[in-house]
Amino acid sequence: MFSNVITGQYSSDDYTLKRFFMNEIPNEIRKVIRNLIDEADCILRGGMAYVCITEDMGYQLKDIDLLGKSEKKELMLMLLGEADVVYLNKNSFAQDVISAFWREEDGYYKIDILLVEGLPEYSFCEYDGFLYKTVSAEYIWKNRIEKIVQRNIRKHSIDKTINHYRVAKNVSIYLLEKDFYKCDEQMLNEVSDMLFEVKSILHEIMDEKTIESFISIQETLIEKIRGLL
């Protein structure tokens, strides 16, 4: 086992995360991300993927999320060798995750790699002269809708749920401008089925007019994609 790797859960109280913009990621961590993508076939998900896809450079990150194949776990751990500490732990849904931390004066940078058996379709986004592999915009769209629905399960704060809402809304608007989609009828049905619960969750934290506008965007997008399948 690698010397900086701990098997088990960590306490978030011990690792206050920095808030940062994509262009503020230190070069050493940017290099690790590139190596994970190039050598371990990882793909970006979460906030960094959202920024790459939509070019929303004003979006503030608190960690760097990736997907990686379970079979390449040892290679990922090797590529994370310069992190201050690495945890082999599980998320709220008992899925295996590698969490690597780099300590700075005012907090920690963190890379989270969710380990999966197979990777979803991905896109290429160029930033800073490098082609980043990211999950598709459609993946982010469905994922953020799911996170709104799962607010209570994940024990997310109001601010975090509002952030998920904003990302889902912006990605929806981005998708409405496209004419080709990386999704199928099953994904559309899953998103459509979640909208009633989305309304219920959002009613706890925002006004009716805002919610109805958001739901209308989702329904319009679903109808457009269905018409192109």
Side-chain angles (χ1 to χ4, degrees), residues 1-7 10 17 20 22-56 59 61-102 108-144 146-147 167 171 174-175 178 180-184 186-187 190:
M1 184 58 68
F2 302 92
S3 61
N4 65 337
V5 175
I6 298 172
T7 299
Y10 63 88
L17 299 181
F20 57 94
M22 187 162 163
N23 62 1
E24 295 175 333
I25 298 173
N27 288 334
E28 68 168 302
I29 298 177
R30 197 184 301 275
K31 182 180 178 181
V32 171
I33 298 167
R34 291 174 174 178
N35 288 341
L36 287 166
I37 291 172
D38 272 353
E39 300 180 32
D41 297 324
C42 291
I43 60 177
L44 286 172
R45 63 187 180 97
M48 191 167 172
Y50 163 75
V51 172
C52 284
I53 290 170
T54 65
E55 299 182 351
D56 181 2
Y59 183 81
L61 304 169
K62 69 175 182 62
D63 54 18
I64 297 157
D65 294 316
L66 298 102
L67 288 171
K69 286 187 177 182
S70 299
E71 64 191 53
K72 297 196 175 184
K73 179 176 70 175
E74 296 299 314
L75 175 56
M76 296 174 208
L77 292 175
M78 183 188 74
L79 295 172
L80 292 166
E82 295 184 6
D84 290 303
V85 62
V86 178
Y87 285 86
L88 287 172
N89 60 113
K90 294 182 182 293
N91 64 14
S92 303
F93 298 91
Q95 297 168 302
D96 291 328
V97 179
I98 298 174
S99 300
F101 294 89
W102 284 260
Y108 288 85
Y109 285 99
K110 182 178 75 157
I111 288 180
D112 262 348
I113 307 174
L114 176 62
L115 300 180
V116 294
E117 295 305 312
L119 297 174
E121 282 194 77
Y122 55 83
S123 302
F124 284 103
C125 297
E126 184 176 357
Y127 177 76
D128 195 26
F130 180 77
L131 280 178
Y132 288 90
K133 286 193 297 187
T134 76
V135 295
S136 66
E138 293 84 350
Y139 179 102
I140 296 175
W141 172 52
K142 179 188 173 189
N143 177 260
R144 292 305 171 118
E146 284 177 331
K147 286 186 174 180
V167 170
V171 172
Y174 169 85
L175 285 169
K178 293 180 61 178
F180 174 78
Y181 297 95
K182 294 181 178 180
C183 63
D184 54 23
Q186 180 180 343
M187 178 186 281
E190 289 172 352

Legend entry - side-chain contact (heavy atoms from CB on, under 4.5 Å) evaluation trace for Lys147 with Lys142: CA-CA 9 Å; Lys147 286 186 174 180; Lys142 179 188 173 189; over 6 Å; no
Inset, instruction - Just do the side chain to side chain donor-acceptor pair (under 3.5 Å) check on Lys182 and Tyr122 with the steps written out, would you? - result: CA-CA 9 Å; Lys182 294 181 178 180; Tyr122 55 83; over 6 Å; no
Legend entry - Derivation and outcome, ring-ring contact (aromatic ring centres under 6.0 Å, His included), residues Tyr132 and Phe124: CA-CA 6 Å; Tyr132 288 90; Phe124 284 103; over 10 Å; no
Inset, instruction - Tell me, with the steps shown, if Gln95 and Val116 meet side-chain contact (heavy atoms from CB on, under 4.5 Å). - result: CA-CA 8 Å; Gln95 297 168 302; Val116 294; 5.6 Å; no
Legend entry - Worked check of side-chain contact (heavy atoms from CB on, under 4.5 Å) between Glu121 and Val135: CA-CA 7 Å; Glu121 282 194 77; Val135 295; over 6 Å; no
Legend entry - Step-by-step side-chain contact (heavy atoms from CB on, under 4.5 Å) determination, Val86 to Ile111: CA-CA 9 Å; Val86 178; Ile111 288 180; over 6 Å; no
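No donor-acceptor pair under 3.5 Å is formed between the side chain of Asp65 and the backbone N or O of Met48. Under a 3.5 Å cut-off, the side chain of Tyr139 and the backbone N or O of Cys183 do not form any donor-acceptor pair.
Between Glu138 and Val171 there is no side-chain heavy-atom pair separated by less than 4.5 Å. With contacts defined as side-chain heavy-atom distances shorter than 4.5 Å, the pair Lys90/Val97 does not qualify. Taking 4.5 Å as the limit, every side-chain heavy atom of Pro26 sits out of range of all side-chain heavy atoms of Trp102. Between Pro120 and Ile43, the closest side-chain pair of non-hydrogen atoms falls below 4.5 Å. Two residues are said to be in side-chain contact when any heavy atoms from C-beta on lie closer than 4.5 Å; Asp84 and Asn4 fail this criterion. Side-chain contact between Ser70 and Glu117 is present, with at least one heavy-atom pair separated by less than 4.5 Å. Looking at heavy atoms from C-beta onward, Leu88 lies out of side-chain contact with Asp96 at the 4.5 angstrom threshold. Looking only at side-chain heavy atoms (C-beta outward), Met22 and Tyr127 come within less than 4.5 Å of each other.
Between Phe101 and Tyr108, the ring-plane angle classifies as perpendicular under the 30° and 60° cut-offs.
The distance from the CH2 atom of Trp141 to the OG atom of Ser136 is 10.5 Å, given to the nearest 0.5 Å. Taking CG from Asn23 and CG from Asp128, the interatomic distance works out to 9.5 Å, rounded to the nearest 0.5 Å. To the nearest 0.5 Å, atoms CG (Leu75) and CG (Asp41) are separated by 8.5 Å. One finds the CD1 atom of Ile113 at 12.5 Å from the NZ atom of Lys72 (value rounded to the nearest 0.5 Å). Rounded to the nearest 0.5 Å, atoms SG (Cys125) and CD1 (Ile53) are 5.0 Å apart. Rounding to the nearest 0.5 Å places OG of Ser123 at 11.5 Å from CG of Leu131.
Under a cut-off of 6.0 angstrom, the local environment of CD in Glu24 is crowded, with over 12 non-hydrogen atoms contributed by other residues, nucleotides or ligands. Atom NZ of Lys31 is surrounded by 12 or fewer heavy atoms from other residues, nucleotides or ligands within 6.0 Å. The 12-atom threshold is exceeded at CD of Glu71, counting heavy atoms of other residues, nucleotides or ligands nearer than 6.0 Å. Within 6.0 Å of the CD atom in Glu82, the count of heavy atoms belonging to other residues, nucleotides or ligands does not exceed 12.
Lys110 and Tyr87 share no donor-acceptor pair across their side chains, judged by distance under 3.5 Å alone. A donor-acceptor contact under 3.5 angstrom links the side chains of Asp56 and Tyr50, judged on distance only.
Closest non-hydrogen pair, Gly46 versus Arg144, comes out as C-NH2, 3.7 Å.
Of the options Ile140, Thr134, Leu114, a side chain to side chain contact (heavy atoms under 4.5 Å, CB included) to Arg45 is made by Leu114 and by none of the others.
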